[in-house]
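Each residue takes its place number in the sequence, starting with 1.
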Amino acid sequence: MKPAAAFATGLWTGALVMAAVGVVYLRILDRGRADIAPQSQEQLETRVQLLQQEQAKAAAEAQRLRQTVAELRTAPVISPEPVRASRPARYRDGGGADSWIVDSVLTADSDAVANLEQAAQQNNLYALDGLALLAEHDSGAALTRVWSSSALTASTKGRATMLLAATVETNPHGAELIEGLTGNAALVEAAVVGLGAPDFSTRLVRGTAITPPPHFKPDYALRLRIVENLRQAVTDEALASVIDRIQSNLTQRASTP
């Protein structure tokens, strides 16, 4: 039996039982009328009337439920539609970034920067890239605040460090912040990679109107000086090798007109 029909049948059965009980009770009261004192006769009649009303209601409810059961038994079974999880809108050509992030970079106003900063604080890497692309608009202030946040995951912190170094010219405190990373090999490596990549790669510029980085003129002399200072504090051979390779690349770029 269908679940809905079974449930309605149960209700119908209960209504019938209530009606039957009411009939029995009325018969008992009718038989006992002769034995009741005259002063209680009026009260008894009132109770009988109430019981008759309840019996009529129960009979009507039983009839209604009987009809419902008949309809449910003959109704076709309809399978529920599968629940589809809603997905936020995606910018098709933006490498998976939400379209509002691309729009914010293109708008480049204070509200756009604030929205990107809030999303980047929640470890949204696309919003973080957006802040780096807008670093020259606020001297890297929003990117620096995100980079300093304790809410970042390790991967987001590494990406933020790389972007902070990649846009070092826009930030008056950039060199100081990066040189203070000595002692943290992972962040030093991320910073050196960023110093060697003012034209850092970001999926936000794919298929969009965003101009690829850099959005400023790189200062290779500044970058080389920071790299040299970091290199002096590094003792790990693998990391030193990475720094030497990037330093050589920066030197070549600095000598190219």
Side-chain angles (χ1 to χ4, degrees), residues 94-95 97-98 100-184 186-205 208-230 233 243 246-247 249-250 253-254:
D98 289 335
W100 73 266
I101 295 179
V102 175
D103 293 340
S104 295
V105 175
L106 293 174
T107 303
D109 57 20
S110 58
D111 290 337
V113 173
N115 291 334
L116 290 171
E117 181 177 353
Q118 182 177 8
Q121 291 273 9
Q122 299 173 8
N123 295 286
N124 187 317
L125 295 178
Y126 297 109
L128 185 62
D129 280 17
L131 286 179
L133 292 171
L134 297 179
E136 75 277 12
H137 290 275
D138 67 344
S139 299
L143 179 60
T144 301
R145 286 193 296 270
V146 173
W147 175 80
S148 302
S149 172
S150 59
L152 301 187
T153 63
S155 60
T156 306
K157 182 72 172 182
R159 180 70 177 176
T161 302
M162 188 278 287
L163 294 172
L164 187 70
T167 58
V168 65
E169 289 86 352
T170 68
N171 192 329
H173 305 290
E176 178 184 353
L177 294 173
I178 296 169
E179 290 176 352
L181 294 174
T182 55
N184 189 323
L187 294 184
V188 167
E189 181 175 357
V192 173
V193 169
L195 289 169
D199 52 348
F200 63 91
S201 176
T202 171
R203 284 175 286 180
L204 286 180
V205 302
T208 72
I210 299 175
T211 304
H215 295 175
F216 49 85
K217 184 178 180 179
D219 185 344
Y220 290 109
L222 171 65
R223 290 171 181 256
L224 279 169
R225 186 173 72 249
I226 298 173
V227 168
E228 290 172 0
N229 290 338
L230 292 175
I243 294 177
I246 292 176
Q247 186 174 20
N249 184 44
L250 282 172
R253 287 194 179 194

For the student: nearest non-hydrogen atoms of [X] and [Y], plus distance:
{"X": "Pro213", "Y": "Pro198", "result": "CB-O, 3.8 Å"}
{"X": "Gly158", "Y": "Leu187", "result": "CA-CD2, 4.2 Å"}
{"X": "Ala233", "Y": "Thr182", "result": "CB-CG2, 3.7 Å"}
{"X": "Ala165", "Y": "Ile178", "result": "CA-CD1, 3.4 Å"}
{"X": "Leu152", "Y": "Ala160", "result": "CD1-CB, 4.4 Å"}
{"X": "Gly174", "Y": "Val168", "result": "C-CG2, 3.8 Å"}

Under a 4.5 Å cut-off applied to non-hydrogen side-chain atoms, are [X] and [Y] in contact?
{"X": "Val105", "Y": "Asp129", "answer": "no"}
{"X": "Val205", "Y": "Thr211", "answer": "no"}
{"X": "Leu163", "Y": "Trp147", "answer": "no"}
{"X": "Tyr126", "Y": "Asp98", "answer": "no"}

Side-chain donor-acceptor pairs under 3.5 Å in residues 106-114, sequence neighbours left out?
unit_1, atom_1, unit_2, atom_2, d
Thr107, OG1, Asp103, O, 2.8
Asp109, OD1, Asp111, N, 3.3
Asp109, OD1, Ala112, N, 2.7

Calculate, to the nearest 0.5 Å, the distance between atoms [atom1] and [atom2] belonging to [X] and [Y] respectively.
{"X": "Arg225", "Y": "Asp219", "atom1": "CZ", "atom2": "CG", "answer": "7.5 Å"}
{"X": "Leu195", "Y": "Leu164", "atom1": "CG", "atom2": "CG", "answer": "9.0 Å"}
{"X": "Leu181", "Y": "Ile226", "atom1": "CG", "atom2": "CD1", "answer": "10.5 Å"}
{"X": "Leu250", "Y": "Ile243", "atom1": "CG", "atom2": "CD1", "answer": "11.5 Å"}
{"X": "Leu116", "Y": "Leu131", "atom1": "CG", "atom2": "CG", "answer": "5.0 Å"}
{"X": "Ile101", "Y": "Thr208", "atom1": "CD1", "atom2": "OG1", "answer": "12.0 Å"}

Gln118 CD: over 12 foreign heavy atoms closer than 6.0 Å: no
Could you check Lys157, Gln122, Gln121 and say which one makes a side chain to side chain donor-acceptor pair (under 3.5 Å) with Ser149?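 Checked Lys157, Gln122, Gln121 against Ser149; only one passes side chain to side chain donor-acceptor pair (under 3.5 Å): Gln121.
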Review item, side-chain donor-acceptor pairs of residues 133-144, under 3.5 Å, at least two apart:
unit_1, atom_1, unit_2, atom_2, d
Asp138, OD1, Gly140, N, 3.2
Asp138, OD2, Ala142, N, 2.9
Thr144, OG1, Gly140, O, 2.7
Thr144, OG1, Asn171, ND2, 2.6

Apply the test side-chain contact (heavy atoms from CB on, under 4.5 Å) to residues Glu169 and Lys217: give CA-CA distance (whole Å), side-chain angles for both, the deciding distance (0.1 Å), then the verdict. CA-CA 8 Å; Glu169 289 86 352; Lys217 184 178 180 179; over 6 Å; no
Is it the case that the side chain of Arg223 and the backbone of Ala166 share a donor-acceptor pair, with hydrogens and angles ignored and the cut-off at 3.5 Å? yes
Between Asn123 and Ser155 (side chain of the first, backbone of the second, donor and acceptor by atom type, cut-off under 3.5 Å), is there such a pair? no
